[in-house]
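The sequence lines fix the lettering, A, B, ..., with proteins before strands; numbering per chain opens at 1.
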Protein chains: 4
Amino acid sequence: MKTSKQTKAQEKINKKKEKNYQKQVQIIEGALQVFGEKGFEATTISAICKKAKISDATLYEYFNSKEDVLFSIAEYYTGTEIQKLKEVNHYIHDTRERMRMLIQAHLEFYESNPLYSSVALLNLKGNRNFIKSKAYGVVRESTRVFVDTFSEGVEKGIFRDDLDKYLVRNMILGFIEHLVIQWLLIGRPDEISTYRDTIFEMVIRAIEKNNPSPRSLS
Amino acid sequence: MKTSKQTKAQEKINKKKEKNYQKQVQIIEGALQVFGEKGFEATTISAICKKAKISDATLYEYFNSKEDVLFSIAEYYTGTEIQKLKEVNHYIHDTRERMRMLIQAHLEFYESNPLYSSVALLNLKGNRNFIKSKAYGVVRESTRVFVDTFSEGVEKGIFRDDLDKYLVRNMILGFIEHLVIQWLLIGRPDEISTYRDTIFEMVIRAIEKNNPSPRSLS
Amino acid sequence: MKTSKQTKAQEKINKKKEKNYQKQVQIIEGALQVFGEKGFEATTISAICKKAKISDATLYEYFNSKEDVLFSIAEYYTGTEIQKLKEVNHYIHDTRERMRMLIQAHLEFYESNPLYSSVALLNLKGNRNFIKSKAYGVVRESTRVFVDTFSEGVEKGIFRDDLDKYLVRNMILGFIEHLVIQWLLIGRPDEISTYRDTIFEMVIRAIEKNNPSPRSLS
Amino acid sequence: MKTSKQTKAQEKINKKKEKNYQKQVQIIEGALQVFGEKGFEATTISAICKKAKISDATLYEYFNSKEDVLFSIAEYYTGTEIQKLKEVNHYIHDTRERMRMLIQAHLEFYESNPLYSSVALLNLKGNRNFIKSKAYGVVRESTRVFVDTFSEGVEKGIFRDDLDKYLVRNMILGFIEHLVIQWLLIGRPDEISTYRDTIFEMVIRAIEKNNPSPRSLS
DNA sequence: CATGAATGAGAATTCATTCAT
DNA sequence: AATGAATGAATTCTCATTCAT
């Protein structure tokens with residue numbers, strides 16, 4: 001089963017593009033709901049198709065496999081989200097403000113899309129195949145704003161120039177995502193976006209320049 | 001048939017404690033290897049038992065289900081790790097140093113136990129049943145050192161008293177775990193413990209007291 | 001995992017009716033053969049499917065479980081038999097003759113369908129779940145002719161009015177079925193329908209009216 | 001599994017006799033309870049042994065298999081019951097009264113031992129292996145009283161001499177057992193021994209001699 | 001005698017996926 | 001384009017039974 005998947009996957013490249021985009025979205029939305037509630041393994045194709053009001057076989061006209069559907073969810077939602085972010089970003093010129101906005105936007109996006117958060121953080125983050133997928137590229141791309149914004153700050157001299165920019169991204173995303181995961185799993189805190197300013201402020205302290213560490217750091 | 005299953009489920013609890021502890025560990029170690037390499041779903045009971053050199057049926061003398069084995073891995077390793085931490089912790093009096101040590105210890109533990117890291121961060125973190133399990137309690141307990149250390153710092157006046165201690169823990173763990181996950185999945189960075197000082201330093205800046213944020217924070 | 005099973009159970013009901021009736025019968029006939037020869041527990045789904053020339057998975061498109069197949073056999077054959085009985089019954093006006101016919105029909109049905117007899121009397125009679133099933137309703141219904149015929153005789157004044165009609169049914173069915181079971185298990189007597197007249201006559205003596213018991217019955 | 005059972009069974013002949021009779025009874029009583037409540041297939045050796053307060057392995061010191069235990073229940077209880085019957089029988093000289101007593105005794109035995117009734121009528125009657133067992137011989141033997149009593153009546157000229165004595169036994173046992181099964185499964189009637197006189201009287205009418213059937217019997 | 005420990009053997013069921021129509 | 005029907009392939013878990021101690 002595992003081996004044959006690989007082989008067949010190649011024969012079926014990009015079935016998607018050719019077909020009705022509308023229906024793809026319909027399926028993705030159905031899948032989001034079921035995956036989000038039950039998790040990937042516990043979800044059946046049948047359940048997705050029932051939500052999407054299509055037959056099981058039809059799903060395979062639009063996607064190559066159950067996992068393809070899962071990954072496509074990320075691609076779709078991230079793509080959509082990136083658009084919004086770019087627009088807002090366009091109007092913000094202050095780097096610090098951009099960073100604040102990014103954190104806020106991420107928190108709010110997760111908070112207002114718990115099903116997607118569940119899929120992304122409980123099912124995708126940790127999926128070894130995901131990182132090989134095209135969808136992962138899109139998701140990764142979407143986090144580049146943090147890297148870029150940090151770099152921008154470094155150039156402007158407001159952020160420390162002795163930090164690995166990817167490590168900074170790690171910190172910010174790790175912080176946010178860990179919080180969201182906890183919120184999803186144990187329901188605490190009630191609202192995560194409440195913390196947006198504190199989080200921003202902690203991040204800023206960690207990365208801002210003229211912010212001498214009181215004692216020398218070994 | 002259905003009803004008797006329910007009944008038996010109750011009788012089954014605590015099958016473990018009564019039996020040979022040695023063999024439990026043997027199974028846990030076999031399972032760690034297979035789960036760590038293939039992931040929970042892709043792992044079969046047979047594979048675990050082959051590694052542990054026991055029959056499939058025997059596994060069920062010691063554990064109630066595949067998931068029980070998974071959770072027990074966390075319980076076992078965390079329990080062991082907590083012991084070590086407590087010992088070291090005992091000899092460190094400086095709060096800052098304690099925090100440094102904790103971060104270092106966590107990073108090194110993950111780095112030197114990639115299989116366990118894989119199980120814990122790719123399979124357990126995100127498992128909705130895990131948080132209901134006894135094992136989760138142990139894991140959670142093990143992270144309390146961060147909360148306690150932070151509180152200690154607050155009391156001593158070296159850490160900010162305007163931060164939610166759980167949020168602080170979130171930041172630290174999120175940061176570390178996100179880094180480890182990336183390391184596991186895409187192999188970067190090569191060595192995560194290299195970053196121990198930078199990470200510590202970023203964390204410290206975020207939580208240390210006499211560290212006025214240069215501009216006012218809205 | 002546990003919860004979703006419950007949910008699915010509800011969705012599953014009535015899988016049958018919607019699908020190809022032809023194939024259902026095909027499966028039922030295959031199952032009859034295997035159940036009839038080996039008994040319920042000793043029969044495997046595989047064996048049934050081999051007889052029915054379908055794959056194991058296909059069986060589950062038409063039935064919900066092995067037990068569902070078993071019960072459906074009874075429903076199917078009883079349903080068919082009831083039809084025949086009703087037709088014949090229609091042309092018989094004499095109550096005594098009707099009773100004779102019923103006994104004869106039952107004996108002959110069992111005798112000419114030993115596989116079904118085996119399933120019905122060795123596997124179903126005594127199955128605690130069966131009485132809760134829909135199929136049981138059909139079977140029960142099919143024995144009502146005995147009750148009705150007896151009542152008819154009572155009304156006409158030819159049968160005793162001091163007997164519980166259900167007890168009468170018990171006697172007749174118990175008599176017949178016990179005989180059939182013996183025939184199935186130890187092969188004696190060779191032919192059960194040989195006894196049709198004797199059985200009828202014994203039954204009649206027990207229930208007929210102007211048939212004073214010689215001595216007083218305490 | 002099926003084939004090896006046969007082979008091994010021969011090696012293990014009569015393990016029973018040599019051992020502690022006390023413990024055998026203890027096991028049989030435990031088994032009666034579990035078999036009686038759950039049925040043969042749904043009963044596990046473990047459950048029996050828990051009731052009997054011995055270890056699973058010990059059961060096999062006294063019995064050769066799970067089925068052996070089942071059959072032994074019948075042997076034990078029937079043996080005990082036969083004793084009682086013989087005693088009572090000894091003091092009854094009237095054939096008709098003997099028949100009345102037998103019916104009454106059977107009904108009362110079943111009614112006061114529902115667990116045994118369940119085992120005997122739901123699990124044993126219909127078990128194809130049972131008839132090959134030694135236990136079956138004992139059970140069969142116990143029903144000979146009906147045959148003998150009927151023969152006695154025939155000799156004395158009070159019972160019809162045109163009836164197959166085994167058919168008579170069939171009628172009586174079938175009647176009684178069918179009633180008991182119904183009582184076990186659907187709980188009706190509330191008390192079966194209430195019917196003892198009616199049943200006796202119906203039986204008597206069917207078999208008594210100077211009891212001319214009103215019309216000629218074809 | 002009693003039993004703790006180990007296991008062989010199986011078997012029902014699930015589901016993603018395919019394909020002819 | 002859509003789908004009803006069919007199935008291959010797999011896997012957890014159960015349990016009667018054995019045997020060394």
Side-chain angles (χ1 to χ4, degrees), chain A residues 1-2 4-5 8 12 18-20 23 41-49 53-69, chain B residues 1 4-5 8 12 18-20 23 41-49 53-69, chain C residues 1 4-5 8 12 18-20 23 41-49 53-67 69, chain D residues 1-2 4-5 8 12 18-20 23 41-49 54-69:
Chain A
M1 213 179 199
K2 262 74 202 182
S4 68
K5 255 182 195 169
K8 282 171 196 165
K12 287 191 284 178
E18 309 149 20
K19 304 243 182 171
N20 186 350
K23 191 153 285 188
E41 296 291 344
T43 292
T44 65
I45 294 288
S46 279
I48 293 173
C49 294
K53 290 176 184 166
I54 54 161
S55 78
D56 290 25
T58 300
L59 184 145
Y60 288 89
E61 296 293 322
Y62 295 88
F63 298 93
N64 296 319
S65 68
K66 189 182 168 186
E67 206 167 53
D68 185 18
V69 178
Chain B
M1 214 174 206
S4 67
K5 256 181 194 167
K8 275 170 202 163
K12 244 196 266 175
E18 307 150 20
K19 302 238 181 172
N20 187 353
K23 190 150 288 189
E41 296 290 345
T43 292
T44 66
I45 293 289
S46 282
I48 294 173
C49 293
K53 289 175 185 166
I54 54 161
S55 77
D56 290 25
T58 299
L59 183 144
Y60 287 90
E61 294 294 320
Y62 295 88
F63 298 93
N64 295 319
S65 68
K66 191 181 165 187
E67 206 168 52
D68 186 17
V69 178
Chain C
M1 211 173 209
S4 67
K5 255 181 195 166
K8 276 170 202 163
K12 243 196 267 174
E18 307 149 20
K19 302 238 183 175
N20 187 352
K23 190 152 286 185
E41 296 291 344
T43 293
T44 66
I45 293 290
S46 281
I48 293 172
C49 294
K53 289 176 186 164
I54 53 161
S55 78
D56 290 27
T58 299
L59 184 143
Y60 287 91
E61 293 293 321
Y62 295 87
F63 298 93
N64 295 318
S65 69
K66 190 181 166 187
E67 205 167 53
V69 178
Chain D
M1 211 177 199
K2 262 74 203 181
S4 67
K5 254 182 194 170
K8 280 171 196 165
K12 287 190 283 179
E18 308 148 21
K19 304 247 180 167
N20 186 351
K23 191 152 287 189
E41 296 290 345
T43 292
T44 65
I45 293 288
S46 279
I48 293 172
C49 294
I54 54 163
S55 77
D56 290 24
T58 300
L59 183 143
Y60 287 90
E61 295 293 322
Y62 295 88
F63 298 93
N64 296 319
S65 69
K66 188 182 167 187
E67 207 167 51
D68 186 17
V69 178

Does D:Lys23 make a side-chain N or O approach to OP1 or OP2 of E:dC1 shorter than 4.0 Å?
no
B:Ile54 has its side chain closest, among F:dT7, F:dA6, E:dT7, to E:dT7
When all nucleic acid strands are considered with a 4.0 Å heavy-atom cut-off, which category describes C:Thr58: base, sugar-phosphate, or nothing?
base
All side chain to side chain donor-acceptor pair (under 3.5 Å) counterparts of B:Ser55, not counting sequence neighbours:
B:Thr58
Take C:Ile45 and B:Leu59, find for each the nucleotide of DNA chain E with the closest heavy atom, and name the residue whose nucleotide sits nearer the 5' end.
B:Leu59
Across the strands shown, which category fits A:Lys53 at heavy-atom distances under 4.0 angstrom: base, sugar-phosphate, nothing?
nothing
Does B:Glu67 have any side chain to side chain contact (heavy atoms under 4.5 Å, CB included) partners at least two apart in sequence or in another chain, and if so, which?
B:Phe40, B:Ser65, B:Phe71, B:Asn127, B:Asn129
Hey, which of these two, A:Ser55 or C:Ala57, hits DNA chain F nearer its 5' end, going by closest nucleotide?
A:Ser55
For the side chain of C:Lys66, starting at C-beta, report the closest nucleotide among E:dT3, F:dG8, E:dA12.
E:dA12
Which one, E:dT13, F:dA2, F:dT12, comes nearest to the side chain of A:Tyr62?
F:dA2
Can you tell me which nucleotide in F:dC13, F:dG8, E:dA6 comes closest to the side chain of B:Asp56?
F:dC13
Once Watson-Crick and G-U wobble pairs under 3.5 Å are found, how is DNA chain E written in dot-bracket notation, 5' to 3', with | for any base paired to another strand?
.||||||||||||||||||||
